[in-house]
There are 2 protein chains.
Amino acid sequence: MAQLDPFRQFLDDLRNRFELDHVAYAGMNPISGATHGHMTYGADWTSHYLQNKYYEIDPTLLKARHSIAPVDWNRLERGAEFQTIFRAARDFGISDRGLTIPIHGPYGDVGGLSINRDCSEREWHLLISGIIGDLQSAAVYMHDMVIQADPLTRMLNTPSLSTREIEILQWTAAGKSQQDIGDILSISHRTVEVHLRSARQKLNALTTPQAIGRAINLGLIYPR
Amino acid sequence: MAQLDPFRQFLDDLRNRFELDHVAYAGMNPISGATHGHMTYGADWTSHYLQNKYYEIDPTLLKARHSIAPVDWNRLERGAEFQTIFRAARDFGISDRGLTIPIHGPYGDVGGLSINRDCSEREWHLLISGIIGDLQSAAVYMHDMVIQADPLTRMLNTPSLSTREIEILQWTAAGKSQQDIGDILSISHRTVEVHLRSARQKLNALTTPQAIGRAINLGLIYPR
DNA sequence: TATACTATTGGGGAAATCCCGTATCGCCGC
DNA sequence: GCGGCGATACGGGATTTCCCCAATAGTATA
């Protein structure tokens with residue numbers, strides 16, 4: 001299995017190349033809701049991590065969501081979640097000396113590539129400064145690979161909204177009412193609503209505000 | 001002027017370090033609408049570029065908006081815009097052998113770091129493979145520096161929405177109706193609407209869909 | 001060619017949202 | 001202390017949106 005998984009293969013190569021303890025990738029597409037995780041950790045820690053849903057509170061991932069620059073784990077806030085996860089990790093023989101590189105895609109997709117190695121402070125800084133550039137590239141490559149491979153992403157990346165639908169979504173995001181838009185486009189406000197409904201359906205959204213959020217993150221429209 | 005500008009300084013250093021012809025950065029925040037450009041090109045090409053509003057049709061920038069991986073200029077589609085810009089660039093003695101590294105921030109902010117050098121195909125590939133990692137890091141650093149320095153970004157990044165308002169915006173983006181949210185939070189749907197109205201006001205939005213769009217791009221809430 | 005599917009257009013009426021009002025509570029400054 | 005201000009809470013009634021319905025034109029597909 002593992003040796004056939006290209007993602008796992010890539011991470012293993014990365015680990016070997018830079019003599020790291022472990023390399024892990026976690027990514028998600030807020031639209032499809034799909035999350036993707038790959039790691040070189042053993043099955044024991046992996047399953048423990050997943051079973052306890054650590055990915056929901058993992059401070060490295062939360063920080064990555066809001067950051068663009070690499071995040072050294074020793075700069076994370078030592079909150080309750082931090083203690084929980086890193087104490088558990090230590091029990092599995094995993095060091096808390098690590099780094100996470102956030103990656104943001106154009107459609108709201110986020111990911112993080114994490115590496116860790118148990119070593120001295122000095123050794124760690126030396127290592128990082130030497131390979132940070134390569135890691136950055138690797139993170140981009142890995143994220144791109146994962147997102148492109150996600151069929152749901154691919155599907156949602158190309159929701160075939162009609163010209164009218166996108167046009168009307170754009171005006172809606174600009175704060176126009178259905179009546180306004182009808183006047184602007186010289187059609188009935190009833191028709192505007194039909195297109196809006198169709199757009200909601202295609203975006204699998206329950207309400208117009210939700211559809212606007214998704215359309216923006218899909219890059220279909222821009223906020224105004 | 002130039003020698004005091006830290007952005008220009010950074011790009012100049014980058015150019016010298018890797019012996020490039022030129023280094024340029026362009027970024028924008030879709031919310032504030034502010035665009036930022038910095039480059040090592042001469043004033044003549046820079047002003048020509050700006051006067052003709054090339055940044056609106058520049059294929060390197062357009063591609064960067066939708067890509068995450070570095071974009072080599074020789075892989076761009078040879079459209080009319082491409083011809084216009086690169087032919088003009090050649091007149092200014094600027095080569096079409098270059099590369100743009102896209103950067104996406106967490107709040108919809110996008111940027112691109114471009115480098116170029118007039119040299120042989122072989123030389124170019126050798127150069128790129130050697131420094132791509134460093135460029136990636138430099139791009140992240142530059143983008144972060146620019147966005148953080150933008151006072152509009154900073155201001156818009158901290159509109160003081162109350163806890164309740166953000167909470168309700170988040171549920172709204174999740175597709176819940178006001179009645180639903182009232183039930184969830186155990187308050188009247190009337191009250192929900194008041195908070196929503198207040199949020200619209202603070203975000204300077206005319207409608208709820210517009211407010212959702214802005215809140216998402218401000219990083220106040222996440223699309224669901 | 002027949003059929004099926006989508007894009008576009010519209011109406012009637014139910015449902016939700018929005019604007020007006022009011023009220024309480026806590027905080028900050030004069 | 002007290003008046004102002006923002007956060008929180010609620011209701012009536014006007015406005016808007018939403019869900020049912022239907023029709024036509026174009027395109028794809030069997």
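A note on names: the letters A, B, ... follow the listed sequences, proteins ahead of strands, and every chain is numbered from 1. These numbers were taken from a predicted model, which means no experiment stands behind them.
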Can you measure B/E165 atom CD to D/dA9 atom P for me and round it to whole angstrom units?
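For the pair B/E165 CD and D/dA9 P, the rounded distance is 11 Å.
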Return the value, rounded to whole Å, for the distance between atom CZ of B/R164 and atom C1' of D/dC10.
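For the pair B/R164 CZ and D/dC10 C1', the rounded distance is 14 Å.
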Partners of [X] by side-chain contact (heavy atoms from CB on, under 4.5 Å), sequence neighbours excluded?
X: A/N116; value: A/D21, A/H22, A/Y41, A/W73, A/I94, A/S95
X: A/E77; value: none
X: B/L50; value: B/T46, B/Y55
X: A/D96; value: A/R78, A/F86

Any non-hydrogen side-chain atom of [X] less than 4.5 Å from a side-chain atom of [Y]?
X: A/E121; Y: A/R97; result: yes
X: A/L135; Y: A/L99; result: yes
X: B/L203; Y: B/L169; result: yes
X: B/R65; Y: B/L61; result: no

Listed once per pair and sorted, the salt bridge (charged side-chain N to carboxylate O under 4.0 Å, His left out) pairs that draw on residues 175-196 of chain B, sequence neighbours left out
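Passing the test, one end in residues 175-196 of chain B: B/E193-B/R197, B/E193-B/R200.
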Going by heavy atoms closer than 4.0 Å, what residues in residues 181-200 of chain B are next to DNA chain D?
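Under 4.0 Å from DNA chain D: B/I187, B/S188, B/R190, B/T191, B/V194, B/H195.
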Below 4.0 angstrom, which residues in residues 172-180 of chain B have at least one non-hydrogen atom near DNA chain D?
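The answer is none.
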Overall bend - the helix from C/dT1-D/dA30 to C/dC30-D/dG1, comparing terminal axes fitted on five pairs, nearest 10 degrees:
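End-to-end axis angle: 50°.
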Once ring pair (Phe, Tyr, Trp, His ring centres under 6.0 Å) is applied, do any residues pair with B/H125, and if so which ones, sequence neighbours excluded?
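Partners of B/H125 by the ring pair (Phe, Tyr, Trp, His ring centres under 6.0 Å) criterion come out as none, since no residue qualifies.
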Return the set of residues passing side-chain hydrogen bond (donor to acceptor under 3.5 Å, both in side chains) with A/W171 (not counting sequence neighbours), or none when no residue passes.
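Checked A/W171 against side-chain hydrogen bond (donor to acceptor under 3.5 Å, both in side chains); zero matches.
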Show each protein N/O and nucleotides 23-25 of chain D N/O combination with a separation under 3.5 Å, one pair to a line.
none

Pick the closest DNA chain D nucleotide for A/P209 and for B/S162 by heavy atoms, then say which residue is nearer the 5' end.
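Between the two, 5'-proximity favours B/S162.
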So, do A/H36 and A/F7 have ring centers that fall under 6.0 Å from each other?
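No, the ring centres sit 6.0 Å or more apart.
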Is the distance between the ring centroids of B/Y25 and B/F10 under 6.0 Å?
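No, the ring of B/Y25 stays outside the 6.0 Å limit from the ring of B/F10, centre to centre.
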Anything under 30° is parallel, anything over 60° is perpendicular, the rest tilted; go ahead and classify B/W45 against B/Y54.
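Aromatic pair B/W45/B/Y54 classed tilted.
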Mind checking if B/T207 touches a base, just sugar-phosphate, or nothing, with heavy atoms under 4.0 Å?
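No contact at all - B/T207 keeps every heavy atom at 4.0 Å or more from the nucleic acid.
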For chain A and DNA chain C, what are the first and last nucleotides along the strand, 5' to 3', with at least one atom under 4.0 angstrom from a heavy atom of the protein chain?
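Counting from the 5' end, contacts occupy C/dA7 to C/dG13.
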Considering only NZ, NE, NH1 and NH2 on the basic side and carboxylate oxygens on the acidic side, decide whether A/D91 and A/R87 come within less than 4.0 Å.
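Salt bridge flag = no for A/R87 with A/D91.
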